[in-house]
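Since the structure is predicted, the reported quantities are computational estimates derived from the model, not experimental observations.
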Amino acid sequence: MLLTTKFLRPTSDPRAVSRERLCSLLQPGFQKRLNLVVAPAGFGKTTLVSQWCTQLGTSTAWLSLDEHDDEPRRFWQYMAGAFEHSGLAGMDLCRQQLSHCSLQELEGPITSLINALAADGAQWSLVLDDFHFIRNTDIQRQFSYFVDYLPPGVTVTLASRTEPPLPLSRWRVRAWIEDIHPGLLAFSEEECQRFFRETMGLDVSEQEVRKICRKTEGWVAAMQLSALSGVNRSSRESSAPPITVDVDERRINDYVLSEVLEQQPGDIRDFLISTACCPKLCSALCDSVRGASNSQSLLEQLLRQNLFLIPLDTRNQWFRYHDLFRDALLHRAWAHDPDMAEQHWQRAVTWLLNHDHVQEGIAQIVRQQDWAWLARVLAEHGNNLIHGGYHLPVLNWLDSLPTDVVDGSPQLQMLRIWALFFANRVEMLEPLLSNLEDILDKRVADSHPDAEGALGLQSEISLIRSYLARTRSDDKSASDLTRQVLRDIDHTRIPLKSVTYYGVGLDHYGKGDLPSAKEALRSAVRYGELERKPSTVLSSGGLLAWIQYNRGDIDDALETCTSVRRWVDQQYTDPAQPRLISCWQNSALTEIYRERNEPELAASHLAPLLDHVTNGTEPGQHVVIQYVRGHLAFSEGRYQEAIESLEDAATVARRRRDHILFEPPACSALLARCYLAAGQLQRAQQWAQSVTDEHFSNPLNREQNQISTARVLVAAARPAEAMSILAPLRLSAEKDQHFRHLVEILTVYGEALHVEGKTSEASQMLAQAVQKAADAGFMRLFAEESPTVRELLMELPALRASSGWNSRLLAMLRGISSPPAGQEHAPGRDNVETMTASGEILAEPLSQREQEVLTLINEGLANKDIANRMNVAPATVKAHIRNLYGKLGVSRRTEALARARELALLD
């Protein structure tokens with residue numbers, strides 16, 4: 001006797017959320033034989049498949065499996081019964097064979113079932129629900145045979161909590177399988193809203209729905225259990241406003257324990273309970289917590305069984321549990337054996353602290369409110385956390401400590417000062433510094449046991465005061481304090497050299513002494529790597545690249561950025577950690593790629609910085625970001641956008657000067673150029689009058705303003721006055737090796753000579769500018785010049801010489817049309833055309849880097865090998881390839897090479 005209710009498909013609830021995006025994946029296909037719907041308990045597998053079956057126009061057999069069906073004869077009796085119950089004819093032979101054959105002869109009735117399906121000739125769909133109950137290897141082997149020989153038009157759908165041990169890889173290669181995994185089954189935010197409002201009948205706000213969706217990660221059962229409490233409250237309060245539905249952790253815990261945990265074998269159950277204390281999991285951490293050595297195989301088993309284990313990388317090394325699942329496991333662990341749970345927790349935290357996962361370890365300590373342990377950990381690791389970009393979490397952790405603990409520890413007080421400094425809350429520092437100095441002086445005077453530590457902290461105080469002096473433009477005090485720190489630094493145990501040399505680099509940069517600034521910043525990078533201070537390495541390397549760019553060493557600037565980024569990324573091997581970025585480095589890369597006429601790459605490095613402008617950042621960084629943002633917009637002809645960004649930067653630089661450690665870039669000088677390009681000569685002249693008496697301590701900024709003043713004078717037909725400014729400026733820029741400014745000076749000087757009618761002298765001056773730019777790799781700056789200069793450049797005999805750089809510059813200049821006054825135009829982007837060697841027109845020329853990438857692709861190199869050959873990051877190579885494909889109008893490597901040969905772009 002077969003239980004016929006096992007053949008009845010569950011009725012689809014008309015209120016259930018319609019999941020058309022998934023139902024379409026389940027539809028029968030030309031080659032498809034198997035739908036595999038695999039997810040943990042409560043993800044809506046059965047509901048989805050039942051909903052799909054109502055849409056099918058084919059015959060459907062349904063079988064709900066349970067633990068009693070894990071026996072070969074019984075399994076195949078129910079398989080045959082499901083088809084017969086659904087109307088498949090010709091099943092008599094199969095039924096008779098199943099009644100009399102031995103277990104070793106089951107292949108006969110299975111063949112009869114396949115033959116009956118083939119003889120019927122109709123399209124059939126078979127659904128096996130809860131296939132995870134089938135663990136018998138004989139059934140799995142027989143079922144593989146059944147699928148291998150299915151006739152055309154028959155599709156099997158398995159709904160299972162675990163991926164079955166079938167020859168899935170072979171079937172996937174043959175395109176027989178459609179996989180629906182937990183990520184697809186999880187409800188989207190829109191589906192969550194429909195579930196609460198339509199299925200559960202709850203008037204829940206969108207904000208509440210989004211919160212629950214994030215908390216449950218789309219786990220349908222968790223949402224339903226939480227919604228039930230909302231239904232109960234709603235029924236008692238019919239006139240109440242839209243209710244708040246909280247995630248009902250008690251119900252979810254009960255569900256996890258009964259539907260998931262208790263169904264597992266003992267070794268898996270013990271593993272889940274003992275590792276629930278881990279915020280993330282790897283085999284080494286789990287082995288340490290459990291005192292065992294088989295964690296990797298158990299993790300892989302959990303992954304195969306879809307037991308709420310979420311991979312954090314592509315190598316199956318790091319995982320995490322679904323948050324609600326982990327909470328339920330933790331609740332069970334602490335309730336069942338609190339002493340063992342405490343031991344597991346301490347082992348997990350100790351492993352995290354000893355393996356450079358300090359912030360995760362601290363988070364667990366804070367969760368358990370072990371304040372004494374937290375104080376010890378912050379004293380040991382707090383400095384490196386702050387310099388690794390975690391100053392705000394350190395502040396929060398310090399605030400969570402009892403007040404008397406912090407007040408009794410000068411080291412923790414110094415940590416608070418550093419964290420506030422990095423958070424740019426400098427107005428709070430003076431009273432804290434004074435109080436700490438009093439405590440340290442007393443300790444030294446009383447010969448306190450930690451007097452040496454007190455001297456080290458005094459060096460830190462001096463270093464902080466040197467940075468504060470820079471915000472007041474007190475260069476002498478800043479320099480004196482920094483020198484004092486450098487004298488004392490070798491006698492302390494505090495790793496301060498990198499931060500100190502970064503300050504020295506800022507001092508030299510502020511004075512315009514670029515060679516000395518470069519040396520100091522190189523030292524900052526070197527010591528930062530030794531001291532493992534990633535934020536200092538990034539900032540120092542970024543400012544170094546900014547200086548190298550302004551000196552005309554663009555290749556060196558790119559190499560600096562690449563090497564620094566590589567080192568920093570090696571310090572953050574955990575994929576769950578956010579990627580540390582630097583304002584200086586990303587800004588330098590934006591400027592470099594903009595100058596190389598690669599605006600897409602420039603924009604990709606600018607993009608991560610824009611969130612900081614929107615969400616708030618320290619004023620110096622705000623000014624730098626808005627400056628490079630405005631420069632990129634200006635370079636592309638988006639003058640109004642550039643003006644808005646630069647006006648904002650100039651305002652912040654003026655109002656927040658006391659909170660900026662360095663003199664920011666001369667935003668107003670670039671703003672004047674935007675006015676000229678937009679045809680607003682009067683506004684440019686007003687600017688020139690307003691900056692005449694303005695004082696600049698940084699020679700780079702002073703030069704930039706003087707060059708812009710000369711531009712305004714040339715535009716106003718006053719070339720003699722412009723040349724009187726440019727003549728001495730040319731000598732100082734050459735002497736100080738400010739090569740980017742030198743190119744601009746020579747260019748504007750050439751335009752002034754042209755306005756005076758000195759055509760020959762103008763050509764000579766522009767030829768010098770072109771030569772200097774070619775040596776340094778500058779190109780885009782010529783596209784930003786006036787239409788007059790661009791016309792003069794295209795007529796230069798020097799640019800007729802055969803050279804790849806000359807050809808690209810001419811191609812860029814030819815494509816730039818002169819817009820009417822006041823009308824925006826994107827120089828070098830809208831109408832660029834270049835004639836290839838084949839005589840065809842290429843809509844936009846390939847950059848030097850893109851041509852290099854094309855050549856290496858032609859050599860057969862992979863992206864990684866191209867990155868190594870060019871000494872750039874793989875992401876940079878991918879960006880070059882995207883640009884290359886776009887310009888050639890292709891989508892694959894083979895197409896790119898074929899198109900390049902057509903255009904004679906390859907030898």
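- Ion pairing between a basic and an acidic side chain is recognised when a charged N comes within 4.0 Å of a carboxylate O; R19 and E191 show such pairing.
- Salt-bridge check for E163 with R172: passed, with a basic side-chain N closer than 4.0 Å to an acidic carboxylate O.
- In summary, the aromatic rings of W318 and H357 are positioned with their centroids under 6.0 Å apart.
- Between W345 and W373, the ring center distance clears the sub-6.0 Å criterion.
- Checked against the 6.0 Å centroid threshold, F143 and F131 count as a close aromatic pair.
- The pair D399-R416 counts as a salt bridge, with a side-chain nitrogen and a carboxylate oxygen less than 4.0 angstrom apart.
- Between the side chains of W418 and E460, a donor-acceptor pair is found at a separation under 3.5 Å.
- Under a 4.0 Å N-O distance rule, the pair D148/R170 qualifies as a salt bridge.
- Looking at D407 and L412, their side chains never come closer than 4.5 Å, going by heavy atoms from C-beta outward.
- For the atom pair CH2 (W176) and CG (L168), the distance works out to 12.0 Å, reported to the nearest 0.5 Å.
- Residue W351 holds its CH2 atom at 5.0 Å from CG of L285, rounded to the nearest 0.5 Å.
- When the options L26, N35, T157, V49 are evaluated for a side chain to side chain contact (heavy atoms under 4.5 Å, CB included) with I180, the one that passes is L26.
- Evaluated for a side chain to side chain contact (heavy atoms under 4.5 Å, CB included) with L158, the options L34, V37, D130 yield exactly one hit, L34.
- Salt-bridge formation is not detected for the pair R74/D138: no Lys NZ or Arg NE/NH1/NH2 atom is positioned less than 4.0 Å from an Asp or Glu carboxylate oxygen.
- Of the N and O atoms on the side chains of R566 and Q570, not one donor lies less than 3.5 Å from an acceptor on the other residue.
- The closest side-chain donor-acceptor pair between S64 and D129, if any, does not fall under 3.5 angstrom.
- Note on R135 versus D70: no salt bridge recorded, every NZ/NE/NH1/NH2 to OD/OE distance being 4.0 Å or above.
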Audit row: D270, R290, side-chain contact (heavy atoms from CB on, under 4.5 Å) steps and yes/no: CA-CA 9 Å; D270 292 341; R290 299 169 57 237; over 6 Å; no
side-chain hydrogen bond (donor to acceptor under 3.5 Å, both in side chains) between Y321 and T275, worked out: CA-CA 10 Å; Y321 290 127; T275 58; 2.8 Å; yes
D327 vs R367, salt bridge (charged side-chain N to carboxylate O under 4.0 Å, His left out): CA-CA, chis, key distance, verdict: CA-CA 13 Å; D327 289 343; R367 181 171 179 167; 3.8 Å; yes
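- The pair K6-D66 meets the salt-bridge criterion, with a side-chain N (NZ, NE, NH1 or NH2) lying under 4.0 Å from an Asp/Glu carboxylate O.
- Here CG of L302 is found 5.5 Å from CG of L272. Values are rounded to the nearest 0.5 Å.
- To the nearest 0.5 Å, atom OG1 of residue T536 and atom OH of residue Y502 are 8.5 Å apart.
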